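Report on the structure given below.
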Amino acid sequence: MPRARAIQSPSLSTPTARLRLPVRGKSYSLPISTGIQLLFRRNLGAGAWSVKTKNWIKKLAAADDFEAANGNSVLDFDQAMTKARELARVGEGNSARLITVAEAIADYKADCIARGAQVTNATQIQFNMEDSPSLLSKPVALLKSKELSDWRNRLVAGGLRPSSADRIGRSLKAALNLAQRNDKRIVNGAEWKDALSRLKNANTARDNVILSDAEVTALVRACHDENDQLGIWIDILAETGARESQCEKLKVRDLQDGNKSPRLMLPTSLKGKNREAGFKPVPISARLAALLRKNATGPRAHDLLLTKVYKLSVQFSPVAARLGHGPEISPYSLRHSSIVRQLLKGTPIRVVASHHDTSVGEIERVYSRHISDVSDDLTRATLLDFGGESAGNVVPLRK
């Protein structure tokens with residue numbers, strides 16, 4: 001098979017020829033394939049290579065005008081053409097084709113399924129990006145911070161709570177990080193790290209959904225009155241502080257009620273970095289253990305422990321409304337309330353974090369106000385009185 005003819009450009013092929021070109025604002029252009037142009041920007045110092053397609057322009061690297069090419073940050077003419085073709089995804093089935101945002105989300109969804117993680121982390125991104133086709137079709141390697149932050153800002157402007165937009169943004173960040181790990185050519189991770197960093201007001205909703213012990217008790221009883229399955233689900237969420245996704249995976253064998261200290265072996269949620277599948281023992285009351293055993297879906301060890309309740313929050317909302325709660329109250333409020341309840345009772349933060357399958361850092365970040373309240377009382381109890389008069393066998397400090 002005859003070799004393809006190499007592209008020649010007397011004015012761009014060598015550093016000497018490029019340095020003869022006049023310095024100007026407009027780049028010099030060389031068509032290198034259908035719909036693809038290699039651009040050279042002549043500067044006072046070293047020039048710069050870029051690639052242009054029908055839809056976008058991206059800078060590649062500096063030209064080897066004054067230093068030797070290294071194949072990365074400094075490219076010669078041939079290297080610039082090769083990289084331009086790769087980024088432009090020349091040819092169907094080209095193994096060098098760069099993954100798009102839509103494909104990165106699809107890969108992330110498949111990864112969630114393989115790991116047993118919550119698939120809604122991916123489907124929520126897809127749903128909230130349906131009106132952004134240009135963003136979905138863009139190669140991950142070409143993403144810019146502003147277009148990602150603009151997308152998340154539109155979610156909030158469209159009525160989504162900042163906490164929800166923040167959570168979806170973190171899922172997108174995980175999808176893009178996965179794409180970067182799978183393709184070392186993607187080197188612009190800082191773009192989404194900056195654009196999708198936590199919103200400062202993303203946790204304000206959490207401060208308003210901490211329920212008192214009496215309110216939690218009333219909600220659990222009202223849900224039991226509504227129907228048995230709703231009552232069991234709200235009961236277990238309230239007592240354990242677990243996530244709904246964890247309870248969905250519980251099997252009959254995970255209920256350990258053969259002694260006076262019953263507990264559940266809750267599956268880990270696989271949230272956060274470097275998490276591995278496993279189980280966390282969570283103590284429960286004998287009352288809840290008996291209720292779960294009585295209402296298990298089947299007798300076999302591998303049967304599901306709980307009957308699935310579809311759209312739990314939808315069924316929960318009218319019950320909460322009848323008790324005078326607003327729409328900000330959800331089943332997840334029971335988790336927040338469980339964490340704060342343990343903190344206020346002086347449970348060590350590490351124990352609270354382990355019980356709720358999260359990290360100490362996350363507990364400190366989200367619930368810092370409640371931690372401060374507890375630590376203030378504990379610290380105050382240790383203060384010494386250096387200003388009082390001596391009494392009884394108390395000896396005053398010597399001057």
Side-chain angles (χ1 to χ4, degrees), residues 117-121 123-124 127 160-168 170-171 202-250 254-255 264 266-271 280 282-285 287-289 291-292 295 297 304-343 352-353 355-358 362-363 366-367 370:
Q118 202 162 359
V119 180
T120 53
N121 290 342
T123 56
Q124 283 184 340
F127 176 78
L160 207 61
R161 291 188 300 181
S163 57
S164 298
D166 184 66
R167 183 171 59 254
I168 296 168
R170 293 201 304 273
S171 294
N203 291 321
T204 54
R206 294 188 176 189
D207 290 335
N208 299 323
V209 292
I210 307 303
L211 302 166
S212 68
D213 293 354
E215 288 173 324
V216 172
T217 300
L219 281 167
V220 171
R221 289 175 176 171
C223 287
H224 275 294
D225 292 339
E226 184 73 10
N227 69 70
D228 291 340
Q229 293 307 320
L230 177 63
I232 291 170
W233 268 92
I234 298 305
D235 203 332
I236 191 173
L237 294 179
E239 187 162 305
T240 66
R243 302 176 180 88
E244 185 179 343
S245 59
Q246 292 174 272
C247 294
E248 288 176 346
K249 301 173 185 176
L250 281 169
D254 297 323
L255 173 58
L264 283 172
L266 274 171
T268 53
S269 64
L270 300 179
K271 294 175 70 69
K280 283 189 175 292
V282 175
I284 59 174
S285 66
R287 176 199 61 80
L288 179 59
L291 182 65
L292 294 175
N295 290 275
T297 63
L304 287 174
L305 181 62
L306 300 174
T307 300
K308 173 68 176 176
V309 174
Y310 292 95
K311 296 184 178 179
L312 181 66
S313 60
V314 174
Q315 296 192 39
F316 173 80
S317 294
V319 178
R322 287 200 295 271
L323 294 179
H325 296 294
E328 71 279 1
I329 300 299
S330 71
Y332 210 78
S333 304
L334 301 170
R335 174 175 171 81
H336 301 319
S337 303
S338 173
I339 291 173
V340 171
R341 181 167 61 251
Q342 290 191 12
L343 291 173
V352 177
H355 177 100
H356 292 89
D357 190 33
T358 188
E362 187 72 1
I363 293 286
V366 178
Y367 306 97
H370 302 284

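Source: prediction; values computed, not measured. Just the heavy atoms: all of them, side chains too, but no hydrogens, waters or symmetry mates, feed the values below.
Of the possible polar contacts, none joining the S338 side chain to the L334 backbone as a donor-acceptor pair under 3.5 Å is found. Side-chain N or O atoms of E248 include none that pairs as donor or acceptor with a backbone N or O of R243 at under 3.5 Å. Between the side chain of S333 and the backbone N or O of S330, at least one donor-acceptor pair lies under 3.5 Å. Here the side chain of H336 pairs no donor or acceptor atom with the backbone of L211 at under 3.5 angstrom.
Once rounded to the nearest 0.5 Å, the distance linking CZ of F316 with CG of L219 reads 4.5 Å. With rounding to the nearest 0.5 angstrom, the OG atom of S317 is 10.5 Å from the CD atom of E328. L291 contributes atom CG, which lies 9.0 Å from atom CD1 of I236 (distance to the nearest 0.5 angstrom). Interatomic distance, L250 CG to L304 CG, rounded to the nearest 0.5 Å: 9.0 Å. Taking CD1 of I234 as the reference point, atom CD of E244 lies at 8.0 Å (rounded to 0.5 Å).
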For this session: Evaluate side-chain contact (heavy atoms from CB on, under 4.5 Å) for I168 paired with L160, printing each intermediate quantity in order.
Result: CA-CA 10 Å; I168 296 168; L160 207 61; 3.7 Å; yes
Exercise. side-chain contact (heavy atoms from CB on, under 4.5 Å) between I329 and L323: does it pass, once the steps are laid out?
Worked result: CA-CA 11 Å; I329 300 299; L323 294 179; over 6 Å; no
Problem set entry | Stepwise side-chain contact (heavy atoms from CB on, under 4.5 Å) test for L230 and L312 | CA-CA 7 Å; L230 177 63; L312 181 66; 3.6 Å; yes
Problem set entry | Working for side-chain contact (heavy atoms from CB on, under 4.5 Å), residues L264 and L255 | CA-CA 5 Å; L264 283 172; L255 173 58; 3.9 Å; yes
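Counting only heavy atoms from C-beta outward, the side chains of V366 and T358 never approach each other to under 4.5 Å. Side-chain contact between I339 and I363 is present, with at least one heavy-atom pair separated by less than 4.5 Å.
Here the shortest heavy-atom pairing between D357 and R335 reads O-NH2, 4.3 Å. Nearest heavy atoms, T268 versus K249: O-NZ, 4.4 Å. The shortest non-hydrogen separation linking V319 to Q315 is CG2-O, 3.8 Å. Of all non-hydrogen atoms in A238 and V220, the two that sit nearest each other are CB-CG2, 3.8 Å. The minimum heavy-atom distance between L237 and A242, with the atom names listed, is CD2-O, 3.5 Å. Closest heavy-atom contact between T120 and T123: CA-OG1, 3.0 Å.
Under the 4.0 Å criterion applied to side-chain N and carboxylate O atoms, R170 and D166 are assigned as salt-bridge partners. Taking a cutoff of 4.0 Å between a charged side-chain nitrogen and a carboxylate oxygen, D235 and R287 qualify as a salt bridge.
The residue from Q246, K280, Q342 that alone fulfils the side-chain contact (heavy atoms from CB on, under 4.5 Å) condition with H356 is Q342.
Counting non-hydrogen atoms of neighbouring residues, nucleotides and ligands closer than 6.0 angstrom, the NZ atom of K308 exceeds 12 such neighbours. Counting non-hydrogen atoms of neighbouring residues, nucleotides and ligands closer than 6.0 angstrom, the CG atom of D228 reaches no more than 12 such neighbours.
Under the 3.5 Å distance criterion, with hydrogens and angles disregarded, a donor-acceptor pair is assigned to the side chains of S285 and E239.
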